[in-house]
Every structure is written in C-alpha cells, then in structure tokens.
Amino acid sequence: MQTEFIIKAAEAIHHAINVNESEIESLDREIGDGDHFINLKRGCSSVLDIKEKISVLSAEEALNHIGLKLLSTVGGASGPLLASFFIAYSQSEKENNLDPVNQTSKSFTSGVEAIKKRGKASTGEKTMLDVLIPVSILLNKLANENKDPLEIIPLIKEVALKGVLSTRDMIATKGRAANLGERAIGHVDPGAKSCQIMIETVCDLILNNK
Amino acid sequence: MQTEFIIKAAEAIHHAINVNESEIESLDREIGDGDHFINLKRGCSSVLDIKEKISVLSAEEALNHIGLKLLSTVGGASGPLLASFFIAYSQSEKENNLDPVNQTSKSFTSGVEAIKKRGKASTGEKTMLDVLIPVSILLNKLANENKDPLEIIPLIKEVALKGVLSTRDMIATKGRAANLGERAIGHVDPGAKSCQIMIETVCDLILNNK
Amino acid sequence: MKKFVNNVDDILVESLNGFASAHHDLVELNLEPKFIMRSKKASNKVALISGGGSGHEPLHNGYVGYGMLDAACPGHIFTSPTPDQMIEAAHKVESGKGVLFIVKNYTGDVMNFEMASEMMPFKNATILTCDDVSVINSTYTTGRRGVAGTVIVEKVVGSLAEKGADLESCKKLGDKVNHRCGSIGVALTSCIVPAAGRSTFEIQDNELEMGVGIHGEPGRRREPMRDADSIVADMVNAILEDFELRDIKLCPDDEILLLVNGFAATPLLELYLIYNSAAKLLKTKNLRVVRSLVGNYTTSLEMAGASITLCILDQEIKENWDSPVHTASLRWGI
Amino acid sequence: MKKFVNNVDDILVESLNGFASAHHDLVELNLEPKFIMRSKKASNKVALISGGGSGHEPLHNGYVGYGMLDAACPGHIFTSPTPDQMIEAAHKVESGKGVLFIVKNYTGDVMNFEMASEMMPFKNATILTCDDVSVINSTYTTGRRGVAGTVIVEKVVGSLAEKGADLESCKKLGDKVNHRCGSIGVALTSCIVPAAGRSTFEIQDNELEMGVGIHGEPGRRREPMRDADSIVADMVNAILEDFELRDIKLCPDDEILLLVNGFAATPLLELYLIYNSAAKLLKTKNLRVVRSLVGNYTTSLEMAGASITLCILDQEIKENWDSPVHTASLRWGI
Ligand SMILES: Nc1ncnc2c1ncn2[C@@H]1O[C@H](COP(=O)(O)OP(=O)(O)O)[C@@H](O)[C@H]1O
Ligand SMILES: Nc1ncnc2c1ncn2[C@@H]1O[C@H](COP(=O)(O)OP(=O)(O)O)[C@@H](O)[C@H]1O
Ligand SMILES: [Mg+2]
Ligand SMILES: [Mg+2]
Ligand SMILES: [Mg+2]
Ligand SMILES: [Mg+2]
C-alpha cells in the first residue's frame, strides 16, 4: 500500500462520515449515547491534522501513526477498537510481504482480530464486528481463490451492507446497547454502519483509482 | 357585629376566593410570584378550621383569633397585612361602641391604618391599599352623612372595583411588583383584586341577610 | 409538571423530614410551627435565625449548624414564613445574647420578621440582605432583593457569632458584608411552583431573562440568548457599575470572593465555565479573586440559570469566611 | 439547546479551566493531555486515578484531593477518556506504590483504561464499578454499568490508600464496596449533549424512564409518571431484589449508607423528599440507614431525575467513609 493512498482514503472517509452525519448520529442516539458521529469526526480531523507528518512515512509507519492518533483522540468504545485495528494492520504490513490481495486480506484480518480481542466480541453481538468479520472472511476466501481486485470490490461492499442490516434484528450483547435488551431490536448498530461506510469509501476509492 | 355573621362571611369569602382562583393566580403570576391565591386559600381554610372554636366567642375575640390565625398560616406579604387588619379591627370593636355604621367605618379604618403602617404604603403604590383606602374614605363619608346601610353597599362595591382598575396603569412602588418597573404597567394588582372580591362578598352577604 | 411528589400539600413537610433525618447529627426539625435548629443548642452566643420561602434549597436549612445559623424558618414554597415560626425558634435557640435575624429583602419576609421581632421577648436585631443589583434602588422604593449574597452574610456573621461577639457587632458585620456584595441572576428557563402546577413565566428558546429574581420574578429585561462570555460580561459589569453607583470604590488588587450560583438545572460543567469567564474578566480589571464558591447555593426550584455574586473582601470578612463551618451544605475546617 | 456556552468545542476546556482556577488550592490542570491532579502530590501511597466522560460533574474532578483521588481524566462529554490521559496522569501522581484505576463499567471506559494499563510502566490494578441494578447481569454479557456507587468506592478506597495500604488491599476493598452497592436511576427529562444539540431521548409529560443510565441511555422500561413513594418503592425494591439475586444476604439491623443522587435539574427539595420516602421504606424492612448523602454527586448534564444507591456497610467501609476528605465536592473532617 502507498502512503499517498492512505491519505487519500483518510480524506475520503472524513468526507463520507460527514455526509452521513445525521444517520450515524441518530443511530447512536437511538441505542447508544449519541456521540458516535462526533467521536468519528474528531478522529478523522485528528488524522488529517497529521497528514503532512505522515506523508513522508512508509505505509506501515503511517498506519501505526494513524492508530495511535485515533487512540488518543477518539475515546469511547470505538476509539480503542479502531486504533487497535490500525496498529495491528500496520504490524501485519511490517511482518509480511505478500501479493497485494493476499497482503490486504492478511492485514485486514489481523486488524479485525485485534478488535475482537480488545472488545472480547464476535459476530452476532450487534457491533461493528458484524460488518468486519464477514468482510474479512470473504476477503480471505477471495484471496485464496486468486480473484481480481476489481471483481472483489463489489462483493465486499455487498457483504458489508448485509452485515449492517444483520444487526437490525439482534439483541446487543456488547457495547452500550447491551443494556437495552429487547429494546435494541429494530435498530441498526451505529458502529457497524460507520464501518460499512468506511469500507465502501475505500472500495470506491480503489475503483476510481484504477 | 355578630360572631355568626363573621363565620358566614368567612365561608362566603372562602367560596368567592376559590371561584376566582384562576384570575387571582394569574395576576400574581404576571407581576408577582404566583402564590397569592394559594396563600389566601390557606388562610381561608385555616380560619374555617377554627370555626367551632370561635363560634362561642364574642365578635371582637373572634376577629382577633382570625387575625392571629391568618398571621400564622398565610405568610408572604398578604399574611401580616391581612392579619394586622383583623387584629386592629378587633381592637377597635373592643374600644368603641358606636352605632353599626359608624362602628364599622371606624373599625374598618383602623384595620386599613394598620395595613398602611405595617406595609409602609399608601394609595398609588399598586397594592391592596388602592382598594382599601378609597373604601375606608367612602365609608367614613357615608357614616358621617348617616346614610342607610342598604344605600351604602352599592357605592362601596363600586369604589372597590374602581380601586382595582386604578392599579392597572400604575408602576408599583411596594411589594414584589416594585422590582418590575415599567413592566408592571397594564397588569392589575393581585392583592387589590382579592381585597375587592372579599369586600364585595361581604357586601352581598349583608344585602342577602337583610 | 413532573416532580417527585406525593401530594402537593405535603411536599414541604416530607422534604423537611428527609432533610432532618439525613442530617440528624446536625439538626432537629420542629413541625408545629416549622423550623430547623441545631441538634446541639449553642450556648452564650448571639442566636442567628434566618428563613424565607422554600424552593431555594439549600438556603436556609442547609446552613444551620456550627459557624453559621442557629435556626432556619422555612415558609411554604416561595412564600415567606410566619412570625410564630421565628418566635418559637427564638425561644428554642436564644442563649442570652439576643437574636439576630438575617432576612432577604422581600416585603413579605420583612413584614413577617418585623412582627416576630415586635412580638418576641428577646433583644433582637435584623440584617436585611439586598444584594440583587438588577433592581435599581433609586427608582423603586422597596429596594433591592436579597439573593445569593445572603449565603455569604450568613457564613461570615455566623463565624463572628460563634466567637462570642455581641448582637451589635454581629449586626454591624452583617450589614457591612451585605453592603459589599452585589449579585445578578440570569434565567434560561422558568420554574413551576408545585401548587400552581404551571410555569411562572414563559421564555422562548432564543431568550434569557437578565436580572431574574429567585422566585422566577421577571428581571431587568428579556434579552436574546447569546454566548456565555457576553452574558457573563454584562452580569459582572452590572455588579461593578452598581458598586460605583453606591460609591463603593474598587481599588486595583482589591480582593474578591466570587460566587457562581446555579439555580438548579444548569450543570456544574456550565457553572465552572461561567466561573472561568467571570474570573478572566475580573483579572483584566485588576481585581483579585481570592475566594470562590461554585455550585447550587441559592436555587429557584428547577430553574436553569445562574447568578454571579461579588463580595469585596477585607481582613475581617476574609477571616470569618475562612473559619470552620459545619452545616449540611457548607462545611470546612471541621 | 440553551446552555452557557461560547463555542461547543471549547466547553470542556473552559469548564476545566474554571474548575482548576476555583480550586487552585486543591488541584492542578494538565491540558495536553487532559487531567486534573492534586496540587500537592501525595507521597508513598497507591495512586488512585479515575476518569470517564464529562457531563457527570462533580464526578470525577470534584473528587480529586486528600482522602480520595490523586487524579481524574475527563473525556469529552459522555465519551470515555483516552489512554494517553491515564498514562500521563500516572506518570505525574505515581509515588512508588503503584496505580489503582477506578473505572465505571462501560465498554469504552474499560477498553481505554485497559490499554493504558497495558502501556504504562507502573504496577497497576483496576476496580470496575458496576452498581447499576437496572441492567440484568445474567442476560447481557457486558455487565452492569457503574453509576453513583462509584463515588462511595472512590471515597472509601481513597481513605485506605491515604493510610498507606498497598495496591492489593486497596483493590480488594474497592471490589468489596462495589459488590455491596446497588443503584438505580429514574429520569423525568432527557439531556442534550452540546455537540449533538438535541435531546438524547424523547419523553412525554406523563412518563418516566426507570433504570436510566447516566448518559441518558434508555433504562429498564418506560413507565407512567406517578407519585414519589411508588417510584421510590420500585427503586429500593429493585436494589434489594438485586442483592438477593447476587446472594448478598441482608440481615435485620444491617447498616446502610443511603445516597440520593440528583441528575441535575431535580431540586434538593425533591431529593430530600425522595430520601424521606426511601428511609421510611428501609425502616419498615428493618434496615438501618446510618450514613447518608443527598445531592448532585453523579449527574447527567441537565437531566431531571435521581438515583438511589444503597451500600451495605461493615466496620471497615464505615471507618473509611468517615475518615477526613478534602476535595472540591466532598469534604469533611478537614
Ligand atoms: N465490545 C465491542 N466490540 C466491538 N465493537 C464494539 C464493542 N462495544 C462497542 N462497539 C462498537 O462501538 C460502537 C459505539 O461507539 P461510540 O459511540 O463511539 O462509543 P460509546 O459507545 O462509548 O459511546 C457501537 O455501535 C459498536 O459497534
Ligand atoms: N407594602 C405593602 N403594602 C400593602 N400591600 C402590599 C404591600 N406589599 C405587597 N402588598 C400586597 O400583597 C400582594 C401580594 O401578596 P402575596 O402574593 O400573598 O405575597 P408575596 O408577594 O409575598 O408573594 C400584592 O398584590 C399587594 O397587593
Ligand atoms: Mg456512543
Ligand atoms: Mg405572591
Ligand atoms: Mg410569595
Ligand atoms: Mg460515548
């Protein structure tokens, strides 16, 4: 991965999060405490604040910086989780040297594993992992099958969206919504939604860059 | 005066105050603190609570008891003022022995003087005195002229009402509304209104008893 | 109206019972007539008695105890207490050196305390607090209202009384503190007197009431809602101008006690923000804030809003402010 | 949204500045990253650090000082703080006996403190408070939330740490207090996160939210508004049932600390009425309320409502509760 692409992705994500402000905000108001959008916005801004600084770094280093920056600015539940993702992703980029698709799949999976570990959670608990785990499984599968990136992207986007929707009918067992019991049913998880937006944004960026 | 009449009057005033709840309450909400009705209601109830006890007393004693009862239950600005009225009225009944009209005139005037003294106020300050003072002046005049009670009553009622209306365009210089400056203009004084209601009620009672 | 209430008529008694039972180590409750007094009667000191309408808690019940009041007489909500309460309380707490009433300057309070003063067998005197600068004194003859500065008067005089000073000295110090205090309040929302069941006044989402009274009485004027710094500057300037009008000279490096008082619904987070804004402004005017108090000390039921009180300190006031106090709502040094 | 605010993004920093300047004798503010610490560093004691989202003032900043916390790390409003705050605070206040975190059990707080714990060079341990009985533990795996009981944990452990106890003993006592605490809250109105600018939830004039969280999270259920005694009975019974469920046997004459905590807009008058109602009910159950605290100790911005916390005392907890404390919002014996 290129640092330039990382910065472009950060800018695109910042934009996409802002565009979806009201949806993200109201989802967290419904079954959380209403700050998920603000937390993400703060995180995105802080990453763009260090744009210049990371633009001269390797992709691994840039990702690690982003992780640490998120860790010290986002707060809440999503802060340490997203930070863990980027730190682990960076670590995996450092430790492996595979072809682009397999490398992405491996690093993404490391990131998701870090979230699982930090959040002590898995699928079916009405969290961002209901998007992230299916995406990482699919990525692995497609990488094993040696699929073309352009073929992969629409499938990823589809699975991410399915993941979001799957949270609607779940009772939450992790995060703030877990306190709601049955009352959480019928509401989509805000973290799942924001992750899906971020994934879709990066997918579209890759498509447009091709 | 008869103790029996005093009790009847107390009952009638209690009724009249309740009937006028919303007007009295809203007047005090507009330029005061909204409790004038509650204060009066508490006072009336407490007087009726000692009905049996005072029914065996002389009129003077009954009025004194009523004054003390009001003093210890009404509170606010109106409590000590109304209490002073009844205590002074009782005192004047004890000290003088005139014909009914002159006696009433004298005692009423003593009561009003007590209010003036306690409240350090006079007419034109947007208080209950804008009803009470004109009424006492008229009473004196009519008593001097040896008017018939039945002739007096309509005139008293008229003057009391005029007194109430006169407060509408005043700036208050006493009581809570004094803090409002110009903002009090256009609002009738709640204490003036409630005194007028009480006076009218007693007037009507006398008429009906005849 | 949404309140924690069983029966509107019982609110006060139930609340007083709760207060007395939560603080039974400090206070005792008398119900007929109503007053709160120290559970351990003080001896050989001027007896300090205050009181006023309820709905301003912790004023005054929360200030009964060592170093402050000997007794407090709560009236019905927003209605002054009656003379029998003060008289009966005085009989319980007077200890030979007379009684000093601390009374907020409202017609009702003044008259009820006045009658108590006339009817009681003890030597007594009264401090009338009138720190609210929102009421222009010269124009309206009842004079300023007593508001949150009363807490400072009660604390400072309470300390002097505890040291055994006589009635005249206590009264003199109280009058001095009152003279050196200025306060002004701002309301963002109204409040609901439970027995009335509806808001005392209406206020829009883009308005504030500058100079509101602690009963939700209208104040100086309705103004547009704006940023905190600008509201606070208007408040602080109103107080300083008033000192000037009253010929109280403020010298550079004068020491100030800054009290930021919440009316109830304004969060502590915002009260500290107001404090920050006021303290910064006072600094630019070369006044030194050396003592402070931030919190809900003189409230107006559930009103959102806050008042600012400045008290110009001197050695005597500062010493008596700092001395130990042990009440339900103000405690230090003990 | 009507608040005393200049710029929504600056609320926290301005408020922290106000807090630090009002209490400069007690605390110092660090801004990059944000934490409040004692102005006089304690020596040779376990360093107690707490923290959490802002908007719950005085929790936790108001509890920094002798006999309670060494530092507090405020997050953005209703958002947990970040690990760098805890790490930096630890570097400033650690004095050789390790660091004890007191953390309210919310996923965000837990994870951020966890990462701080992993990343810091000091011996450390964590007490997770989880006193909110409105969350049924068995069904939902994140466990109960930590609410007002946290104040009791901070006070009691703070006292033990001040006496020089080691990390393990402090952690053990904290866990015990937490275990013996049960809380439940009721909201009458919602609150507005300033950055969001609108109410977190909608609630009708005839409704209450039973079991509300301190971030205005929905609770057990929406219920009809009703009289205080009936609300309080449901709250107290929920706590007692929960003790039973957790196999905490309550014996007749067990000693209780009763904390009636206001969320902000509920007047002290009503809090004492709630206290009265709860104390009377506990008496009928032969439980003895021997310690009490009534006021706004763990708030939710401008929310109207209150929580009740029961803590079953024993000799050790009672002694450490009673020992001197000197913080901005809890002070006695000093
Ligand atoms: N244990 C967990 N594992 C994975 N994701 C979680 C966990 N807890 C919470 N989340 C995610 O975090 C989101 C909430 O983030 P945010 O609103 O920023 O933090 P907070 O809940 O502290 O306010 C949830 O919607 C959920 O997707
Ligand atoms: N100094 C005074 N002299 C005469 N009447 C007064 C004076 N001050 C107030 N009042 C009367 O008292 C009325 C208010 O009574 P009330 O509402 O019961 O007491 P409060 O103002 O203490 O709430 C006013 O409307 C006015 O008529
Ligand atoms: Mg959230
Ligand atoms: Mg009134
Ligand atoms: Mg009144
Ligand atoms: Mg949050």
Side-chain angles (χ1 to χ4, degrees), chain A residues 21-22 24-26 28-43 45-46 67-84 87 114-115 117-122 124-127 171-184 187 191, chain D residues 8-9 32-33 52-53 55 73 75-85 87-88 106-116 118-119 132 134-136 139-145 190-202 211-222:
Chain A
E21 163 168 3
S22 75
I24 298 172
E25 207 237 77
S26 63
D28 197 38
R29 206 170 344 92
E30 282 159 17
I31 58 167
D33 57 354
D35 63 354
H36 189 52
F37 167 75
I38 309 163
N39 294 345
L40 291 178
K41 188 179 149 184
R42 194 166 52 241
S45 305
S46 76
L68 291 172
K69 195 72 195 175
L70 292 175
L71 187 61
S72 67
T73 52
V74 177
S78 50
L81 293 173
L82 296 174
S84 300
I87 293 167
I115 292 184
K117 204 173 144 214
R118 179 59 61 201
K120 299 188 184 69
S122 190
E125 309 209 62
K126 199 174 184 115
T127 71
I171 288 188
T173 47
K174 287 282 148 56
R176 216 171 275 284
N179 301 324
L180 289 181
E182 310 251 307
R183 288 169 82 176
H187 301 272
Chain D
V8 168
D9 293 336
E32 295 285 346
C73 303
H76 289 268
I77 291 175
F78 288 3
T79 299
S80 71
T82 54
D84 53 318
Q85 297 175 258
I87 294 168
E88 200 48 36
Y106 295 92
T107 311
D109 294 83
V110 171
M111 291 192 298
N112 281 287
F113 273 91
E114 217 172 71
M115 291 188 78
E118 291 163 14
M119 291 161 80
D132 188 349
S134 72
V135 177
I136 313 296
T139 331
Y140 310 114
T141 50
T142 47
R144 310 144 172 287
R145 303 174 289 213
S190 182
C191 55
I192 299 177
V193 176
R198 44 170 293 179
S199 290
T200 302
F201 60 91
E202 295 303 321
V212 72
I214 56 172
H215 304 90
E217 312 100 307
R220 274 196 182 193
R221 54 182 166 268
R222 193 58 61 93

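Just so we're on the same page: letters track the sequence lines, and every chain starts at 1.
In this structure, the portion of D:Glu118 lying under 4.5 Å from any heavy atom of chain A is its side chain and not its backbone. Only the side chain of A:Ile38 has a heavy atom closer than 4.5 Å to any heavy atom of chain D. At a 4.5 Å heavy-atom cutoff, the contact between D:Asp84 and chain A is made by side-chain atoms alone. Heavy atoms of A:Arg183 lying under 4.5 Å from chain D belong exclusively to its side chain. For a residue to count as touching a neighbouring chain, one of its non-hydrogen atoms must lie under 4.5 Å from one of that chain's; by this rule A:Glu21 does not touch chain D. With a 4.5 Å cut-off on non-hydrogen atoms, A:Asp35 touches chain D through its side chain but not through its backbone. For D:Gln85, no part lies under 4.5 angstrom from a heavy atom of chain A. Contact annotation for A:Ser26: neither backbone nor side-chain heavy atoms come within less than 4.5 Å of a heavy atom of chain D.
Options D:Pro83, D:Gly216, D:Gly211 differ in how many heavy-atom pairs under 4.5 Å they form with chain A, and the most are formed by D:Pro83. In terms of heavy-atom pairs under 4.5 Å with chain D, the best-connected choice from A:Gly76, A:Ala77, A:Gly34 is A:Gly76.
A pairwise comparison of heavy atoms in D:Met111 and A:Pro80 identifies CB-CG, 3.7 Å as the closest pair. Listed here is the closest heavy atom pair of A:Gly75 and D:Thr79: C-CG2, 3.8 Å.
The salt bridge (charged side-chain N to carboxylate O under 4.0 Å, His left out) search around D:Asp109 returns none, not counting sequence neighbours. Every residue two or more places apart in sequence or in another chain that forms a ring-ring contact (aromatic ring centres under 6.0 Å, His included) with D:Phe78 is listed here: D:His56, D:His215.
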(message) For A:Leu71 and D:Met119: C-alpha separation, side-chain torsions, deciding distance, then whether side chain to side chain contact (heavy atoms under 4.5 Å, CB included) applies.
(response) CA-CA 12 Å; A:Leu71 187 61; D:Met119 291 161 80; 4.0 Å; yes

(request) Go through the steps to decide whether D:Met115 and A:Ser84 satisfy the test side chain to side chain contact (heavy atoms under 4.5 Å, CB included), and finish with yes or no. (result) CA-CA 10 Å; D:Met115 291 188 78; A:Ser84 300; 4.0 Å; yes

(message) Determine whether A:Lys174 and D:Thr107 satisfy the following criterion, side chain to side chain contact (heavy atoms under 4.5 Å, CB included), listing intermediate values before the conclusion.
(response) CA-CA 8 Å; A:Lys174 287 282 148 56; D:Thr107 311; 5.8 Å; no

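The line from CZ of A:Arg176 to OH of D:Tyr106 is 7.0 Å long, rounded to the nearest 0.5 Å. The distance from atom CD of D:Glu88 to atom OG of A:Ser72, rounded to the nearest 0.5 Å, is 11.5 Å.
Using a 4.0 Å cut-off between a side-chain N of Lys or Arg and a carboxylate O of Asp or Glu, A:Glu25 and D:Arg198 do not qualify as a salt bridge.
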